[in-house]
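Numbers restart at 1 for each chain; the letters A, B, ... are given by sequence-line order, proteins then strands.
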There are 2 protein chains.
Amino acid sequence: MTIKNEKLSSSLEDYLEAIYNLAGENNITRSKDIAEDIGVSRASVTGALRALKEKNLVNYKPYNYISLTESGKLAAAEIANKHEILKSFFIEILDVNKDVAQQAACKAEHALGSDITERLLSFVEFMGKSNRKRYDIIKEFKTFCKDKKKAEKK
Amino acid sequence: MTIKNEKLSSSLEDYLEAIYNLAGENNITRSKDIAEDIGVSRASVTGALRALKEKNLVNYKPYNYISLTESGKLAAAEIANKHEILKSFFIEILDVNKDVAQQAACKAEHALGSDITERLLSFVEFMGKSNRKRYDIIKEFKTFCKDKKKAEKK
DNA sequence: TTGACAAGTTAGGCTCTCCTAACTATATTA
DNA sequence: TAATATAGTTAGGAGAGCCTAACTTGTCAA
């Protein structure tokens with residue numbers, strides 16, 4: 001029985017997601033890379049790894065490579081998924097630039113529960129479905145935003 | 001010159017917003033009410049008030065009523081506004097129930113910068129504009145969600 | 001006016017997350 | 001293989017944000 005209901009702090013979620021992204025195929029990564037990815041000292045990574053090991057989310061032994069456990073992978077995938085959904089929404093519908101979208105997704109992913117995330121996913125899916133009306137709406141919205149910007153500049 | 005660029009922690013943003021909502025017309029509230037509103041001990045409120053006074057956002061004297069300064073009002077209004085925008089989006093477009101929307105807005109409001117918030121506002125405005133196509137889209141999306149739910153239950 | 005209760009503050013402590021500096025283990029390469 | 005560079009850990013400390021318990025101030029009613 002994998003422990004699933006222990007809630008992670010957003011900080012630990014960040015570490016988990018970073019490991020997930022860095023580990024890739026072989027499911028292996030290093031402390032140093034995590035530190036760089038998140039922008040934190042190596043000492044902080046050691047601390048986080050201990051906490052994640054405690055929760056059975058990473059395989060961690062001092063001085064060894066780091067990998068995710070099965071439940072770690074599940075939890076990380078969920079977070080990464082949320083991230084992607086948010087990013088898609090920001091980019092494809094709100095038409096925000098990629099960097100802003102990436103950053104905002106990072107922060108917001110910790111704040112939204114599954115209810116909203118699922119709805120948001122549905123919305124992105126729905127709007128993306130090839131359908132003349134919806135396609136038009138997105139285009140019109142872009143125009144709407146541009147016009148608004150112009151109006152402000154005056 | 002009002003100091004505007006000091007970033008607030010999400011915790012302090014919560015206190016500020018609570019004061020804003022509680023203070024109402026007379027711009028006056030009490031420590032106890034803030035504590036209850038946020039769900040935190042009175043001692044924690046005292047701490048937060050000191051921090052907010054430090055940043056010139058509240059008028060705070062021990063054992064007195066609490067009010068927002070002018071810059072406090074501005075900052076709080078901005079946060080409350082973000083909250084409203086998010087809530088509208090969740091309710092009116094994603095068609096999420098009010099309680100979920102309220103809660104999610106609370107958490108997400110700290111995570112989104114002005115870029116995204118503005119776009120989101122534009123989007124809500126845009127979709128709300130009386131326009132047959134957009135109105136239809138929202139209706140269709142609701143149906144889409146319901147169908148999806150049904151499909152899952154099988 | 002005074003005493004009891006409510007509101008507010010202080011003190012002290014806990015957890016989380018981060019840091020730097022110093023140390024240890026591992027890897028590289030001459 | 002020994003010296004050195006790189007990666008990882010430990011120790012110690014800071015600050016934010018929260019708590020409880022005890023104390024102080026303020027208020028209201030007998």
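- Heavy-atom distances to DNA chain C give each of A/P62 and A/R42 a nearest nucleotide, and the one nearer the 5′ end belongs to A/R42.
- For B/S44, a side-chain nitrogen or oxygen approaches OP1 or OP2 of D/dC19 to under 4.0 Å.
- Between atom CG of residue A/L22 and atom NZ of residue A/K32 there is a gap of 11.5 Å, rounded to the nearest 0.5 Å.
- Using cut-offs of 30° and 60° for the angle between ring planes, the B/F123 and A/F123 rings count as perpendicular.
- To the nearest 0.5 Å, atoms OH (A/Y20) and OG1 (A/T29) are separated by 14.0 Å.
- In this structure, the CD atom of B/E54 is 11 Å from the P atom of D/dA16, given to the nearest Å.
- The nearest whole Å value for the distance from the CZ atom in A/R50 to the P atom in C/dT17 is 14 Å.
- Rounded to a whole Å, the CG atom of A/L49 is 11 Å from the P atom of D/dT10.
- Between the B/S122 side chain and the A/C145 main chain, no donor and acceptor come within less than 3.5 Å of each other.
- A salt bridge (Lys or Arg N to Asp or Glu O under 4.0 Å) with B/D136 is found for exactly one of B/R132, B/R134, B/K139, namely B/R132.
- Residue B/I28 contributes atom CD1, which lies 12 Å from atom P of C/dG8 at whole-angstrom precision.
- As rounded to whole Å, 14 Å separates atom P of D/dT9 from atom NZ of A/K32.
- Nearer the 5' end of DNA chain D, as judged by each residue's closest nucleotide, is the contact made by A/S31, out of B/A51 and A/S31.
- Side-chain N or O atoms of B/K82 include one that pairs as donor or acceptor with a backbone N or O of B/L112 at under 3.5 Å.
- For A/Y63, the side-chain atoms get nearest to C/dT24 when compared with the rest of D/dT24, D/dC19, C/dT24.
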message: Show, in sequence, the C-alpha distance, side-chain angles and deciding distance for B/D115 and A/N97, and conclude whether the side-chain contact (heavy atoms from CB on, under 4.5 Å) test is met.
response: CA-CA 10 Å; B/D115 286 346; A/N97 97 52; 5.8 Å; no
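- If you find the closest nucleotide of DNA chain C to A/N64 and to A/S41, the one lying nearer the 5' end belongs to A/S41.
- Using a 4.0 Å heavy-atom criterion, one finds that A/T46 contacts the bases of the nucleic acid, with or without backbone contacts as well.
- Among the atoms of the strands shown, base atoms are found under 4.0 Å from some heavy atom of B/A43.
- Separating the CD1 atom of B/I66 from the C1' atom of C/dT9 is a distance of 12 Å, rounded to the nearest angstrom.
- Here A/Y65 does not reach the OP1 or OP2 of C/dA27: none of its side-chain N or O atoms lies under 4.0 Å away.
- Looking at heavy-atom distances under 4.0 Å, A/V45 makes no contact with the nucleic acid at all.
- Between the P atom of C/dC16 and the CG atom of A/L52 lies a distance of 13 Å, rounded to the nearest Å.
- A heavy-atom distance below 4.0 Å to DNA chain C is reached by these residues of residues 9-25 of chain A, ordered by number: A/S9, A/S11, A/Y15.
- Between the CD1 atom of A/I34 and the P atom of C/dC18 there is a distance of 13 Å, given to the nearest Å.
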